[in-house]
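Got a structure for you, questions after.
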Amino acid sequence: MPIVAMSAEADWVSRFADEVIAEAERRAPGEPIVCASGLSPSGPIHLGNLREVMTPHLVADEIRRRGHEVVHIISWDDYDRFRKVPAGVDSSWSEHIGKPLTSVPAPPGSAYPNWAEHFKAPMIAALAELGIEFRGISQTAQYTSGVYREQILFAMRERERIDAILDRYRTKDKPAAKQQQKLDETDAAAAQAAAEGSGAAGEDDGKAAAGYFPYKPYCSVCERDLTTVTAYDDDTTELSYTCACGHSETVRLAEHDRGKLVWKVDWPMRWAFEGVVFEPSGVDHSSPGSSFVVGGQIVKEVFGADQPIGPMYAFVGISGMAKMSSSKGAVPTPADALEIMEAPLLRWLYARRRPNQSFKIAFDQEIQRLYDEWDALHRKIGDGTALPADVAAHGRAVGTASGPLPVTPRPLPYRTLASIVDVTTGHDEQTLRILRDLDPEHPITSLDEVRPRLDRAERWITTQVPAEQRTRVRDEPATDILGSLGEGDRESLRLLLAGLGEHWSLDGLTSLVYGVPKIQAGLAPDAKPTPELKVAQREFFALVYRLLVGRDTGPRLPTLLLAVGADRVRELLGG
RNA sequence: GGGCCGCUAGCUCAAUGGCAGAGCUGCGGACUUUUAAUCCGUAGGUUCAGGGUUCGAGUCCCUGGCGGCCCA
């Protein structure tokens, strides 16, 4: 049986890898291939932004699998200005608007030294869990240490040419009235924020009354970027600016490290500086005059380098996020997703769809179906019936060139685990007891066998499932119901209670609960069900559900009974 | 007004220019089956429309339609 490894590479990732390798050979033979992502830690880095990282990660990983040297850069745009105070943060933070993100205090209660670090940290942790290797580059560190000195002086010398390029796309309203971003906290915010992935689309491009300057200093007194360059001398590199705070001064750009190139120049400068061959961007960069389009001209005409291969990626949506997010004033992040699903599943969601396809990440019941699909795919991989594209996506999900990601040794269905922790409310002993009885042939002896999936399911149940869909076992017997029961119902409960002791196992209770209506109908316990009997069984189940959980339905009865415990069952059923 | 992307089974999506395929849903069957239990089987198509290139087009080109998004 020949291995079909070749066909496994027939997916979008592989195609980009082909293209990137060929282009890298042409541009810089023998050099490590550079793939890049840009993230702005201006707020929670969410699941839309993860696509900014996952897309080059998957491509870089494929390139590495093929034996090429490759580096995945994540550029932290933490020297960008603080644009607005997000909902939920004290309005006094507005005094920091205009400062670099690394100069803004972290939100109250944070353990991190500044705003940018506060939001970078959980993303870094999530990337580690996802098996994403990268080299992080802080733009604050780069700019303030003068790494870009030559590039900045060069861009200033070439400012007229840059201005001319930008001018091709400027329309009547010059420095467009930007800001005014929607402040929706709904799902729209997730999509909206995704647009900010690698820098704001509508940023000030550097046009000022005194001419065009691609460099914007941060004020040396108030630290904000409310500055206007008033003069620049190419020979002395003396740059004069005034600030809205009243400060004005003249600095020598050749030794000034408190400012940055405007975004539309900054981005192409870094393409050239790092030799980036692959860097995706959000769909908002696809219009004429966008950073990516303009950047492509600037990098070529000014910096003399090539634009990266840059697919546009579509939005990542969320389905059914519980209230949690809106109260936090935040959209779900990779860390949030990893609380309810394992890393390979999350990787799979990004690997199976081409970047230009939008998709949703399920925080609602859909996650159960998704997990079923994932498990089914795993089985099909095992028996060789999976489609090539599915094989490829699966392979990229479960591991990287560095090796496989952690797995759950006994991957029980997610819906089963969720249902169990629902009724046991996370009580480990009860959970283990039920799990042990699930498959007597191969009993589960430790919760570790079903972890981490069990923990994810538990987290999902407790944080995402609405209370009305949870199972809540009654605290007190439903005396009103018990008091109004007819003789038939009373007898059925007596029969059930009488059999509890000797049938206390999943199988035992299964035959007991189905058997009670049979005995009542005068049938043998192993009798074949008739339509009438099925109705009687259903009615009996509903009665027990009402008495135990106050509703007509619930988790399968044997499971529920085991979870509730014999004593409590007797109490609630009036025994 | 300009641009980017998409349009394939009821739904979500596959398919190097080479026999249009999966999953879910539906339907049928098995199971003593219960918040969407599981297994087996099966149906399902004018690939948005029209034109062009080609031995051959879901795929490439042109025109139009619809949808999403971005810029204005």
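Keep in mind that what you see is a predicted model, and the values were worked out from it rather than measured. The sequence lines fix the lettering, A, B, ..., with proteins before strands; numbering per chain opens at 1.
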Counting only Watson-Crick pairs (N1-N3 plus N6-O4 or O6-N4) and G-U wobbles (N1-O2, O6-N3), all under 3.5 Å, who is the partner of rG6(B)?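 The base-pairing partner of rG6(B), which may sit in any strand shown, is rC66(B).
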
For residues F292(A) and P308(A), report the shortest heavy-atom separation together with the two atoms involved. CZ-O, 3.9 Å

Using heavy-atom distances to pick each residue's nearest nucleotide on RNA chain B, tell me which of D390(A) and E366(A) is more 5'.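 Nearest nucleotide further toward 5': that of D390(A).
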
State, yes or no, whether a side-chain contact exists between L543(A) and Y545(A) at a heavy-atom distance under 4.5 Å. no

5' priority, RNA chain B, between Q368(A) and A376(A) [closest heavy atom]: A376(A)

Between rA15(B) and rA22(B), how far apart are the two P atoms, rounded to whole Å? 14 Å

Residue S511(A), side-chain atoms from C-beta onward, closest of rU32(B), rA15(B), rG6(B): rU32(B)

From CA spacing to verdict: ring-ring contact (aromatic ring centres under 6.0 Å, His included), Y514(A), F541(A): CA-CA 9 Å; Y514(A) 285 104; F541(A) 295 157; 5.2 Å; yes

What distance, rounded to whole Å, do you find between the two P atoms, one in rG21(B) and one in rA9(B)? 14 Å

In whole angstroms, the gap separating P of rG23(B) from CG of D375(A) amounts to 15 Å

How far does the P atom of rA20(B) sit from the matching atom of rG58(B), given to the nearest Å? 8 Å

Does R369(A) put a side-chain nitrogen or oxygen below 4.0 Å from OP1 or OP2 of rA37(B)? no

So which nucleotide does rA37(B) pair with, by the Watson-Crick or G-U wobble rule with both distances under 3.5 Å? none

With a 4.0 Å cutoff (strictly under), does any side-chain N or O of N356(A) reach OP1 or OP2 of rC4(B)? no

Check the distance between rU32(B)'s C1' and I519(A)'s CD1 and give it to me in whole angstrom. 13 Å

Using the C1' atom in both, what is the distance from rA49(B) to rG65(B), to the nearest Å? 7 Å

Testing R451(A), R459(A), R453(A) one by one against E342(A) for a salt bridge (Lys or Arg N to Asp or Glu O under 4.0 Å), which residue passes?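 So, applying the salt bridge (Lys or Arg N to Asp or Glu O under 4.0 Å) to E342(A) and each of R451(A), R459(A), R453(A), only R453(A) qualifies.
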
Base, sugar-phosphate, or nothing: which does S358(A) touch, judged by heavy atoms less than 4.0 Å apart?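 Sugar-phosphate, backbone atoms only, no base.
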
Could you state the CZ-C1' distance from R354(A) to rU16(B), rounded to the nearest angstrom?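 After rounding, the reported distance stands at 14 Å.
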
Closer than 3.5 angstrom, by distance alone: can the side chain of T424(A) be matched with the main-chain N or O of I420(A) as a donor-acceptor pair?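 Yes, T424(A) side chain to I420(A) backbone: donor-acceptor pair under 3.5 Å.
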
Between rC11(B) and rC4(B), how many Å separate the two P atoms, rounded to a whole number?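 Nearest-Å result for rC11(B) against rC4(B) at atom P: 28 Å.
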
Atom-to-atom span, CZ of F359(A) to P of rG6(B) - whole angstrom: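 Taking atom P of rG6(B) as the reference, CZ of F359(A) is at 16 Å.
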
Send over the distance from R352(A) CZ to rC13(B) C1', rounded to a whole Å. 8 Å

Could you state the atom-to-atom distance from CG of L370(A) to C1' of rU12(B) in whole Å? 11 Å

Find the partner of rG26(B): check Watson-Crick (N1-N3 plus N6-O4 or O6-N4) and G-U wobble (N1-O2, O6-N3) distances, both under 3.5 Å, and reply none if neither fits. rU42(B)

Base, sugar-phosphate or nothing for D372(A)? Non-hydrogen atoms, less than 4.0 Å.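 Sugar-phosphate, no base atom in range.
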
In whole Å, I'd like the distance from the CG atom of L557(A) to the P atom of rA37(B). 15 Å

Selected nucleotide, minimal atom distance to Y514(A) side chain, candidates rU32(B), rG23(B), rC5(B):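 Nearest nucleotide to the side chain: rU32(B).
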
When the C1' atoms of rC70(B) and rG28(B) are compared, how many Å lie between them, rounded to an integer? 49 Å

Base paired to rG18(B) (Watson-Crick or G-U; both N/O distances under 3.5 angstrom):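 rC55(B) is the nucleotide pairing with rG18(B).
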
Applying a 4.0 Å non-hydrogen cut-off, can you work out what R415(A) is touching in the nucleic acid: base, sugar-phosphate, or nothing? sugar-phosphate

No-hydrogen, no-angle side-chain donor-acceptor test under 3.5 Å, D11(A) and S14(A): no

Could you check which nucleotide pairs with rC31(B) in any of the strands shown, counting Watson-Crick or G-U wobble with both distances under 3.5 Å?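 Pair assignment: rC31(B) / none.
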
Where P56(A) and P280(A) come nearest, the two heavy atoms and their spacing: CD-CG, 3.5 Å

If you compare every side-chain N and O of R353(A) against the phosphate oxygens of rG6(B) (OP1, OP2), does one of them come in below 4.0 Å? no

What is the distance from OH of Y313(A) to P of rG68(B), rounded to the nearest Å?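 Answer to the nearest Å: 22 Å.
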
Could you work out the separation of rC61(B) and rU54(B) based on their P atoms and round it to a whole Å? 16 Å

For the side chain of R379(A), counting heavy atoms from C-beta on, which of rU34(B), rC39(B), rG23(B) is nearest? rC39(B)

Whole-Å P distance, rG67(B) and rG29(B):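 Between the two P atoms, the distance is 42 Å.
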
